[in-house]
There are 2 protein chains.
Amino acid sequence: MVKIADVAKEANVSVATVSRVLNKKGSVKPETCERVYKAIEKLSFEPNMSARNLRRNETRVILIIAPNITNPYYAHILAGIGDEAAKLGYSALIYNTAGNEERERSSMDMLKRKRADGAILLACNTDSLWVAEYAEKYPLVHCSEYVEKLDVPRVSIDNYKAAVDVMEYIIGLGHKKIATISSCNSYISTVLRLQGYKDTLKKHSLAMKKRYIAFADAEYSFKSGKTAAFDLLKQKDRPTAIFCISDTIALGAITAAKEMGLRVPEDVTITGFDDVDYTTMFHPYITTIAQPCYELGRESFKLLHACMSNKKEIDKKVILPHKFIIRESSAPISTCN
Amino acid sequence: MVKIADVAKEANVSVATVSRVLNKKGSVKPETCERVYKAIEKLSFEPNMSARNLRRNETRVILIIAPNITNPYYAHILAGIGDEAAKLGYSALIYNTAGNEERERSSMDMLKRKRADGAILLACNTDSLWVAEYAEKYPLVHCSEYVEKLDVPRVSIDNYKAAVDVMEYIIGLGHKKIATISSCNSYISTVLRLQGYKDTLKKHSLAMKKRYIAFADAEYSFKSGKTAAFDLLKQKDRPTAIFCISDTIALGAITAAKEMGLRVPEDVTITGFDDVDYTTMFHPYITTIAQPCYELGRESFKLLHACMSNKKEIDKKVILPHKFIIRESSAPISTCN
DNA sequence: ATGAAAGCGCTAACAG
DNA sequence: CTGTTAGCGCTTTCAT
């Protein structure tokens with residue numbers, strides 16, 4: 001292994017000088033600088049990060065705590081984080097925790113061991129209060145989901161507003177019997193979207209019926225969406241519109257409707273949420289809320305970087321704009337209904 | 001920051017002893033050991049990885065070089081690598097390179113800087129000979145795609161055999177006019193699958209027609225699959241079956257067929273490859289080759305770990321079994337065709 | 001079974 | 001502008 005001392009010898013300077021040119025800190029005479037570069041080149045020297053990290057007490061590595069990188073929603077966020085991080089010379093250590101607190105904590109412990117400088121948490125439940133004990137010691141940011149009670153920096157969309165947008169649209173279409181398929185997880189987004197559903201109903205003096213509220217599983221699986229939709233639609237007084245809190249659920253709902261002989265959107269309007277890859281792979285293309293996943297990731301890293309650099313005057317609650325996209329799975333209520 | 005010296009003082013022993021109990025190496029009297037544990041607990045000591053890495057000259061971190069983690073195929077492999085790595089106490093640094101050689105190389109340079117102990121390359125082109133210069137110095141393994149000319153350890157399925165399996169099946173269904181949609185990338189899997197297509201045709205004395213071979217874009221995009229299928233199917237003497245080298249392409253092809261008023265599989269048989277998430281989200285469910293992505297990832301890590309541990313007596317060319325799944329998008333040729 | 005001490009490769013304070 | 005040197009926190013050899 002070639003080290004700084006070797007380069008120094010080759011260039012006939014001291015290690016301090018080599019370090020200076022390496023880090024472009026302090027002043028070095030151009031010719032000396034040149035000699036050092038030549039030596040580095042000649043010996044193909046590469047600085048040892050472990051040594052540098054130990055000395056500087058920083059790693060230029062961040063942690064990403066994700067429940068499931070296989071989910072395209074998270075995958076896009078990861079891509080955003082990764083690209084932005086790379087720009088500033090950071091690398092990302094990704095941990096797949098399946099939402100398991102044990103694994104989340106042990107991943108976060110890499111912070112204590114100085115394996116990383118900060119962390120981005122992708123999907124904390126609303127009740128993950130344990131995050132606080134890390135937040136007070138290390139730079140942390142929540143992306144997309146967060147713990148409401150904690151004052152941890154975060155970036156997300158306005159889930160409540162987005163849900164209201166969809167509901168106002170559906171109601172504007174003339175629908176009165178509007179159901180929702182929520183999820184049995186306890187993410188803040190789930191809570192907020194359900195609240196948006198309820199509040200908008202109320203605002204328009206539409207009764208909220210328990211039997212119009214169904215729940216898919218925690219992972220928004222296609223299958224559970226299908227099952228939930230089936231339960232909703234088999235009711236005598238079936239809903240004419242279903243507000244689903246994810247695209248996969250909406251996809252499952254559309255499939256259920258079709259299998260029951262119902263046309264989408266003629267017989268039932270179905271909307272999704274997130275706008276992941278497959279919303280336009282099949283007809284009907286799904287009416288949905290598009291989340292700026294990639295941007296969410298980028299902003300998260302920027303925010304984390306600000307925290308790691310101890311910038312004080314920054315906004316710790318970043319809300320990115322969502323986009324409501326009307327496509328084919330929604331339509332005005334038909335007169336036959 | 002609490003360090004080993006603090007623990008040593010607290011436990012009334014030397015740093016060497018603390019290190020011994022920390023690493024369970026060398027012998028320490030049970031009672032001393034106990035005292036040390038108590039001290040560690042009391043001070044909530046956590047070893048500094050940078051220091052350890054520097055001293056041990058290893059990081060327990062591996063690099064994953066992926067073109068696009070947003071692609072579910074890669075995402076599943078990543079999950080497999082990550083889980084297996086975690087089991088052995090390794091973390092994964094993931095780099096998204098978009099297939100850009102420059103970025104691939106600069107990511108790999110983390111090996112030189114001792115930021116990681118080895119790397120898994122997910123999608124090298126057949127002509128990425130530059131990999132050789134890293135392979136001779138660092139533990140490396142190719143996963144799923146590889147550079148044929150290089151003797152780098154690798155794990156993948158038998159793409160040639162898989163393609164032959166599909167083709168034999170299609171031919172067995174009575175089809176004579178069989179097209180393929182390949183890709184314009186230069187992955188070994190693409191080459192092998194096309195070869196399997198051609199060879200099987202020949203074996204059955206079926207003419208290989210240039211106009212029956214179409215190409216989707218390098219990323220197997222849905223859109224390019226659709227376009228390619230359209231070109232294939234608009235021919236007067238249109239094919240009655242299309243062997244697509246990816247599921248997204250097959251999805252695009254099915255959409256194209258439908259838009260042209262062709263039924264799948266009644267009018268045209270379409271097969272996919274990989275069996276990613278959305279093969280069974282819509283009808284017709286896609287007949288495809290299932291790749292054991294997650295296992296591919298796990299095996300890759302195991303192989304890499306063997307390399308990093310300098311195990312000599314290991315198989316450096318791991319082939320995992322694929323599975324041929326017959327679903328709804330394929331059927332015997334109809335008599336009308 | 002335990003301790004003293006050397007040193008991994010780098011940075012940065014200090015001196016010149 | 002450049003060099004000397006003291007560590008960063010840990011592991012490990014060599015004594016005892």
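Below, read A as the first sequence line, B as the second, and so on, with proteins coming before strands; counting in each chain starts at 1. Predicted model only: the values in this text are computed from it and were never measured. In what follows, every heavy atom counts, from backbone to side chain, and hydrogens, waters and symmetry copies are set aside.
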Going by the salt bridge (charged side-chain N to carboxylate O under 4.0 Å, His left out) test, which pairs reach into [range], not counting sequence neighbours?
range                       : answer
residues 2-15 of chain A    : E10(A)-K42(A)
residues 148-157 of chain A : D151(A)-K317(A)
residues 112-139 of chain A : R105(A)-E133(A), D109(A)-K112(A), R113(A)-E46(B)

Which residues pass the side-chain contact (heavy atoms from CB on, under 4.5 Å) test with P153(B), sequence neighbours left out? V141(B), L303(B), C307(B), K316(B)
What residues, two or more places apart in sequence or in another chain, satisfy side-chain contact (heavy atoms from CB on, under 4.5 Å) together with S107(A)? I65(A), Y95(A), T97(A)
Mind checking what makes ring pair (Phe, Tyr, Trp, His ring centres under 6.0 Å) contact with H76(A), not counting sequence neighbours?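 In terms of ring pair (Phe, Tyr, Trp, His ring centres under 6.0 Å), with neighbours along the sequence ignored, H76(A) is linked to no residue.
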Not counting sequence neighbours, which residues clear ring pair (Phe, Tyr, Trp, His ring centres under 6.0 Å) with F301(B)? List them please.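 For F301(B), the residues satisfying ring pair (Phe, Tyr, Trp, His ring centres under 6.0 Å) (neighbours in sequence not counted) are Y90(B), H305(B).
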Using a heavy-atom cut-off of 4.0 Å across all strands, would you classify T32(A) as base, sugar-phosphate, or nothing? sugar-phosphate
Helical bend (five base pairs per end, nearest 10°) for the helix from dA1(C)-dT16(D) to dG16(C)-dC1(D): 40°
Where along residues 5-14 of chain A does a heavy atom come under 4.0 Å from DNA chain D, residue by residue in number order? N12(A), V13(A), S14(A)
Name all pairs fulfilling the ring pair (Phe, Tyr, Trp, His ring centres under 6.0 Å) condition that reach into residues 112-132 of chain B, sequence neighbours left out, sorted by first residue then second.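 Qualifying pairs, neighbours excluded: W130(B)-Y134(B).
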Contact string for nucleotides 11-16 of chain C, one letter per nucleotide 5' to 3', B = base within protein heavy-atom range under 4.0 Å, S = sugar-phosphate only, - = neither, reads BBB---
Under 3.5 Å, which donor-acceptor pairs link side chains of residues 33-40 of chain A to any protein atom two or more places apart or in another chain?
residue	atom	partner	partner atom	Å
R35(A)	NE	A11(A)	O	2.9
R35(A)	NH2	A11(A)	O	3.3
Y37(A)	OH	K24(A)	NZ	3.3

